[in-house]
Amino acid sequence: MMEPSSTAVSLRPLGQSSLSVSPLGLGCWQFSRGSGLVGRYWSNLEEGDILNIVRVSLEGGMNWVDTAEIYGGGKSEEALAHVLDQLKQEGSAHSTPFIATKWWPLMRTAKSITSTIEERLRCLGGRTIDLYQIHQPFSLSSIASEMKAMAGLVKAGKIRYVGVSNYSAKQMVRAHKLLKEYDLTLVSNQVKYNLLDRSIDRNGIMDAAKELGISIIAYSPLQQGILTGRFHKDPAQISNISRMRRMQSGLNEKSMVRSRPLIDSLVTLGDKYEVTAGQIALNWLIHYHGNTVVAIPGASKVRHAEENIGAMTFQLSKDELEHLNQTSWAALK
């Protein structure tokens with residue numbers, strides 16, 4: 001067995017904030033309890049399963065979690081708060097992770113940011129919101145109005161830092177400049193990013209983030225399971241996936257053929273480090289761009305949480321990182 005270069009989880013700054021976070025945080029969309037339009041994507045996990053997933057994630061080295069108002073209309077936030085209460089009652093030293101959540105802007109104005117903050121705090125059991133994010137750039141108000149409202153929440157002590165999600169490079173830069181008027185900085189932009197989706201490397205988001213010291217929080221870091229290699233290993237599994245998800249994820253024959261060399265490289269490196277292909281993909285994500293990218297893989301089973309933790313306990317070499325970079329671009333041609 002090849003010894004990992006580091007067995008401890010090293011923390012890194014989140015943007016220009018005082019938060020030092022693990023490279024991977026726990027994405028909590030799957031805790032939506034099967035509720036709401038967005039939450040129905042996942043089945044209703046049992047409370048005991050949620051508790052064990054959170055416990056394993058936090059005790060294994062993650063120190064932050066990411067949820068959202070739209071995840072079950074607060075159900076994910078409530079489920080998270082409940083299991084953190086349980087961990088506290090158990091005397092766990094890991095019951096107080098940094099908490100990131102998001103305001104849903106569609107068909108709303110910036111006034112809703114202020115008027116709904118007490119509900120977010122209630123759902124989270126009165127816990128501090130360390131990072132509050134605008135979930136989408138589409139609302140009935142301007143970015144200026146939204147940043148003013150977010151700055152007001154910081155000043156009022158309701159939240160600690162401001163982030164955005166799914167913002168373009170132009171929108172991200174504008175939000176950052178507007179927050180500077182309030183002596184604040186934009187901490188993060190949460191966007192889809194993985195070895196099979198390199199859009200932000202092309203559209204200016206990554207370059208702007210590095211220039212301004214903004215963290216990229218990568219969601220869908222395993223391209224909905226494709227980067228684990230399971231669909232290449234057993235193509236019959238694809239038939240169990242909905243047609244819409246197949247189209248969104250690249251689970252079509254042409255894309256599968258094109259991504260095969262990348263998957264083979266992930267498997268080969270996984271064999272070398274005695275980890276899974278998915279863990280190699282996550283390791284690339286959190287190391288290729290230095291400290292700029294952190295990611296929020298979900299976990300609907302304890303073994304997923306264990307794999308996520310394992311992805312932080314070693315580091316690919318520079319040559320290996322670059323090899324995956326080049327193989328990734330080849331798969332996207």
Side-chain angles (χ1 to χ4, degrees), residues 14-15 19 21 24-45 50 53-54 57 62-84 97-110 112-139 141 143 146-147 149-150 153-154 158-167 171-172 175 186-193 215-221 224 294-300 308:
L14 189 68
L19 305 177
V21 300
L24 297 179
L26 179 63
C28 298
W29 179 15
Q30 70 278 13
F31 300 159
S32 301
R33 310 310 295 265
S35 299
L37 185 63
V38 172
R40 288 175 196 162
Y41 186 93
W42 298 95
S43 59
N44 186 1
L45 294 178
I50 296 175
I53 288 167
V54 173
S57 298
M62 287 187 180
N63 71 343
W64 63 292
V65 294
D66 179 89
T67 182
E69 174 187 15
I70 197 66
Y71 298 165
K75 294 292 185 184
S76 171
E77 293 169 324
E78 290 176 342
L80 180 63
H82 184 62
V83 298
L84 290 178
F98 294 128
I99 293 176
T101 191
K102 314 177 199 69
W103 170 74
W104 185 249
L106 202 61
M107 301 303 294
R108 283 166 144 181
T109 67
S112 171
I113 294 173
T114 304
S115 66
T116 61
I117 190 63
E118 295 301 330
E119 177 65 6
R120 303 276 59 73
L121 293 168
R122 183 196 69 77
C123 287
L124 289 165
R127 289 173 173 78
T128 298
I129 295 175
D130 297 288
L131 178 67
Y132 201 35
Q133 304 156 93
I134 306 288
H135 206 147
Q136 299 277 354
F138 312 111
S139 78
S141 289
I143 293 177
E146 291 175 353
M147 292 305 111
M150 294 290 266
L153 293 183
V154 174
K158 301 292 185 180
I159 65 174
R160 293 181 67 189
Y161 295 104
V162 180
V164 295
S165 181
N166 299 302
Y167 271 41
Q171 291 165 333
M172 180 178 73
L186 183 69
V187 169
S188 59
N189 188 5
Q190 185 174 142
V191 292
K192 186 178 181 183
Y193 187 56
S215 284
I216 294 295
I217 301 177
Y219 67 78
S220 194
Q224 298 192 30
V294 293
I296 47 170
S300 56
N308 291 340

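Basis for what follows: all heavy atoms, side chains included, without hydrogens, waters or symmetry-related copies.
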Shortest non-hydrogen contact from [X] to [Y]?
{"X": "L45", "Y": "S300", "value": "CD2-O, 3.8 Å"}
{"X": "A299", "Y": "F31", "value": "O-CE2, 4.1 Å"}
{"X": "G125", "Y": "A81", "value": "N-CB, 3.9 Å"}
{"X": "I50", "Y": "A79", "value": "CD1-CB, 4.1 Å"}
{"X": "L121", "Y": "R127", "value": "CD2-O, 3.5 Å"}
{"X": "A149", "Y": "A110", "value": "CB-O, 3.8 Å"}

Which residues pass the side chain to side chain donor-acceptor pair (under 3.5 Å) test with [X], not counting sequence neighbours?
{"X": "T101", "result": "E77"}
{"X": "S57", "result": "none"}
{"X": "Y167", "result": "E146"}

[X] (side chain) donor-acceptor with [Y] (main chain) under 3.5 angstrom:
{"X": "K102", "Y": "T67", "value": "yes"}
{"X": "T116", "Y": "S112", "value": "yes"}
{"X": "S139", "Y": "S141", "value": "yes"}
{"X": "D130", "Y": "Y161", "value": "no"}
{"X": "S215", "Y": "L14", "value": "no"}

Applying salt bridge (Lys or Arg N to Asp or Glu O under 4.0 Å), name anything that partners E69, two or more places apart in sequence or on another chain.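 Once residues adjacent in sequence are excluded, the partners of E69 under the salt bridge (Lys or Arg N to Asp or Glu O under 4.0 Å) criterion are R108, R120.
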Check the orientation of Y71 and H135. Use parallel for under 30°, tilted for 30 to 60°, and perpendicular for over 60°.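 Plane angle over 60°, so perpendicular.
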Any [X] side-chain heavy atom under 4.5 Å of [Y] side chain:
{"X": "L153", "Y": "W103", "result": "no"}
{"X": "M147", "Y": "V164", "result": "yes"}
{"X": "P137", "Y": "N166", "result": "yes"}
{"X": "Y132", "Y": "V154", "result": "no"}
{"X": "V21", "Y": "N63", "result": "yes"}

Starting at [atom1] of [X], measure out to [atom2] of [Y] and round the result to the nearest 0.5 Å.
{"X": "F98", "Y": "T128", "atom1": "CZ", "atom2": "OG1", "answer": "10.5 Å"}
{"X": "Q133", "Y": "S165", "atom1": "CD", "atom2": "OG", "answer": "6.0 Å"}
{"X": "W64", "Y": "L24", "atom1": "CH2", "atom2": "CG", "answer": "8.5 Å"}
{"X": "L80", "Y": "C123", "atom1": "CG", "atom2": "SG", "answer": "11.0 Å"}
{"X": "L131", "Y": "D66", "atom1": "CG", "atom2": "CG", "answer": "7.5 Å"}
{"X": "K75", "Y": "H82", "atom1": "NZ", "atom2": "NE2", "answer": "12.5 Å"}

So among I134, T114, I117, which one has a side-chain contact (heavy atoms from CB on, under 4.5 Å) with M150?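 Testing each of I134, T114, I117 against M150, the sole residue satisfying side-chain contact (heavy atoms from CB on, under 4.5 Å) is I134.
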